Novice: 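Sharing a structure with you now.
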There are 2 protein chains.
Amino acid sequence: MTLDCSREAERLRRAGLRPTRQRAALAALLFTDCVRHVTAEALHAEAEAAGEHVSLATVYNTLHQFTEAGLLRQVTVDGTRTYFDTNTGDHHHFYREEDGMLVDIESDGIAVVGLPEPPDGSRVERVDVVVRLRKR
Amino acid sequence: MTLDCSREAERLRRAGLRPTRQRAALAALLFTDCVRHVTAEALHAEAEAAGEHVSLATVYNTLHQFTEAGLLRQVTVDGTRTYFDTNTGDHHHFYREEDGMLVDIESDGIAVVGLPEPPDGSRVERVDVVVRLRKR
DNA sequence: GTGTTTGCAAAGTGTTTGCAATTTA
DNA sequence: TAAATTGCAAACACTTTGCAAACAC
């Protein structure tokens, strides 16, 4: 239940962020071996459960700082909550509305073909594909 | 500036909705000849500008009723606001974050290839493609 | 020490809800 | 007149912000 934050200070410094207790704790929760999708509320609850008190406002601020630093990627699939994805590479998502489950789809081999040219003075910043799932 | 609601009562009845003054006014604004993307706030403002008073709560309720009735389609591109699209057919979107502009991409010719099988007990309900744009 | 970060509580935004009054059929 | 619909204001969920106290370097 106790967090191992020993490697997090270095990761934070490399990202240009001061290694505070709160940031290290959240980083330790986020940057485990496997890819994670979290909401601010959920991460806050996890931190509390791990015995690290971090205010919800700080969780929000930290998630945004991590996103700006390129450690996280924000995902919009549902108007009511914001997800943060530890997979910052090029990929898409499966999304199951009933339980809010989010699963990465690596973009190897997947492609969107036949897209028209972007309008007038615009360029494509990113193409997001969300595959919405229902229980069978 | 005055709305022509003469054809709306019939449209609403066909959709199984009672043709009230408010619904007819909103329908007249929405179901013009061209495809529209509106937020509740924006539609509310339009109705006021056209001299039809409809409360914001009723605009929200009506947009959801129209969506359930298959007259509209809800689009999630931005966590902060919900868009409603009068194009209910199979299509995707260009989205420009800077001004919230939303443009349909008809799905003729466009395809997402190489999608993996959906996980365990799920089936694909819909595939949403959002092409995020930036000013060039 | 000095500038950064945190926590709290308050404010904000977009949306939903409870309920009495009104409207539709 | 019975049932559906509306408007208002209050409630809501999620997120952001202001500012004094705490912390990092």
Side-chain angles (χ1 to χ4, degrees), chain A residues 5-6 8-27 29 37-48 51-69 71-72 74-84 97 99-100 102, chain B residues 5 8-27 29 37-48 51-69 71-72 74-84 97 100 102:
Chain A
C5 301
S6 56
E8 303 310 328
E10 189 45 33
R11 189 200 306 274
L12 291 168
R13 257 185 229 104
R14 239 175 299 155
L17 295 166
R18 270 198 194 178
T20 65
R21 198 206 89 227
Q22 292 87 336
R23 285 176 182 160
L26 297 180
L29 288 167
H37 301 91
V38 300
T39 61
E41 292 273 5
L43 185 61
H44 181 246
E46 270 187 57
E48 293 294 317
E52 290 284 348
H53 179 76
V54 183
S55 79
L56 184 55
T58 296
V59 173
Y60 275 106
N61 290 335
T62 303
L63 286 171
H64 286 132
Q65 289 153 1
F66 284 8
T67 301
E68 271 172 47
L71 301 174
L72 294 176
Q74 220 170 318
V75 183
T76 301
V77 281
D78 170 334
T80 63
R81 41 182 91 225
T82 302
Y83 288 83
F84 293 86
E97 287 179 22
D99 60 1
L102 206 50
Chain B
C5 302
E8 303 310 329
E10 188 46 32
R11 189 201 306 273
L12 291 168
R13 258 185 228 104
R14 238 176 299 155
L17 296 166
R18 276 198 190 178
T20 65
R21 198 205 88 228
Q22 291 88 336
R23 284 177 183 160
L26 297 179
L29 288 166
H37 301 90
V38 301
T39 62
E41 292 273 6
L43 185 60
H44 181 246
E46 271 187 56
E48 293 294 316
E52 291 283 346
H53 179 76
V54 182
S55 79
L56 184 55
T58 297
V59 173
Y60 275 106
N61 290 335
T62 303
L63 287 170
H64 287 132
Q65 289 152 1
F66 284 7
T67 302
E68 270 172 47
L71 300 174
L72 294 175
Q74 220 169 317
V75 183
T76 300
V77 281
D78 170 335
T80 65
R81 41 181 93 227
T82 302
Y83 288 83
F84 293 86
E97 287 180 21
L102 208 48

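Note that the coordinates shown come from a computational prediction; the quantities given were computed from them, not determined experimentally. By convention in this document, chain letters (A, B, ...) are assigned in the order of the sequence lines, proteins followed by strands, and residues within each chain are numbered from 1.
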Novice: Should stems be defined as at least three consecutive Watson-Crick or G-U pairs with both distances under 3.5 angstrom, which of them involve DNA chain D?
Specialist: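 So far as stems of 3 or more pairs are concerned, DNA chain D shows C:1-25 with D:1-25.
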Novice: Show the atom names and distances, to 0.1 Å, of all donor-acceptor pairs under 3.5 Å that link a side chain in residues 15-22 of chain B to residues at least two apart or in another chain.
Specialist:
| from | atom 1 | to | atom 2 | distance (Å) |
| --- | --- | --- | --- | --- |
| B:Thr20 | OG1 | B:Arg23 | N | 3.2 |
| B:Arg21 | NE | B:Glu52 | OE1 | 3.1 |
| B:Arg21 | NH2 | B:His53 | O | 2.3 |

Novice: Under the rule for ring-ring contact (aromatic ring centres under 6.0 Å, His included), what residues qualify as partners of A:His44, not counting sequence neighbours?
Specialist: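 Partners of A:His44 under the ring-ring contact (aromatic ring centres under 6.0 Å, His included) test: none.
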Novice: Taking the side chain as C-beta and beyond, is there a heavy-atom pair between A:Thr39 and A:Thr82 under 4.5 Å?
Specialist: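 Not in contact.
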Novice: Kindly write out the residues that satisfy ring-ring contact (aromatic ring centres under 6.0 Å, His included) with B:Tyr60, not counting sequence neighbours, or none if the list is empty.
Specialist: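 With neighbours one apart ignored, the set is empty.
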Novice: If the condition is ring-ring contact (aromatic ring centres under 6.0 Å, His included), which residues does A:Phe66 pass it with, not counting sequence neighbours?
Specialist: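 ring-ring contact (aromatic ring centres under 6.0 Å, His included) check on A:Phe66 returns A:Phe31.
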Novice: Within the 4.0 Å limit for protein heavy atoms, which parts of nucleotides 14-25 of chain C are touched? Write it as a string from 5' to 3', B for base, S for sugar-phosphate only, - for none.
Specialist: SBBB------BS
Novice: A:Thr67: which residues meet the side chain to side chain donor-acceptor pair (under 3.5 Å) condition with it, sequence neighbours left out?
Specialist: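 If we apply the side chain to side chain donor-acceptor pair (under 3.5 Å) test to A:Thr67, skipping adjacent residues, there are no hits.
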Novice: Please give, in whole Å, the distance from D:dT16 P to A:Gln65 CD?
Specialist: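 So the CD-P distance, A:Gln65 to D:dT16, works out to 12 Å.
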Novice: Phosphate oxygens OP1/OP2 of D:dA22: is one of them under 4.0 Å from a side-chain N or O of A:Gln22?
Specialist: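 No, no such contact exists.
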Novice: Write down the distance between CG (B:Leu26) and P (D:dT6), rounded to a whole number of angstrom.
Specialist: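 Nearest whole value for this atom pair: 9 Å.
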Novice: Can you tell me if A:His53 touches the phosphate of C:dC8, counting only side-chain N or O atoms and a distance under 4.0 Å to OP1 or OP2?
Specialist: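 Yes, because at least one side-chain N or O of A:His53 sits under 4.0 Å from OP1 or OP2 of C:dC8.
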Novice: Could you tell me which residues satisfy side chain to side chain donor-acceptor pair (under 3.5 Å) with A:Asp78, sequence neighbours excluded, listed by chain and number?
Specialist: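 By the side chain to side chain donor-acceptor pair (under 3.5 Å) rule, A:Asp78 matches A:Thr80, A:Tyr95.
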Novice: Expressed as a whole number of angstroms, how long is the span from B:Leu63:CG to D:dT6:C1'?
Specialist: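 To the nearest whole Å, that distance equals 15 Å.
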Novice: Provide the full list of salt bridge (charged side-chain N to carboxylate O under 4.0 Å, His left out) pairs with a residue in residues 39-48 of chain A, sequence neighbours left out, each pair given once.
Specialist: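 As it turns out, the salt bridge (charged side-chain N to carboxylate O under 4.0 Å, His left out) pairs with a partner in residues 39-48 of chain A, which skip direct neighbours, are A:Arg36-A:Glu46.
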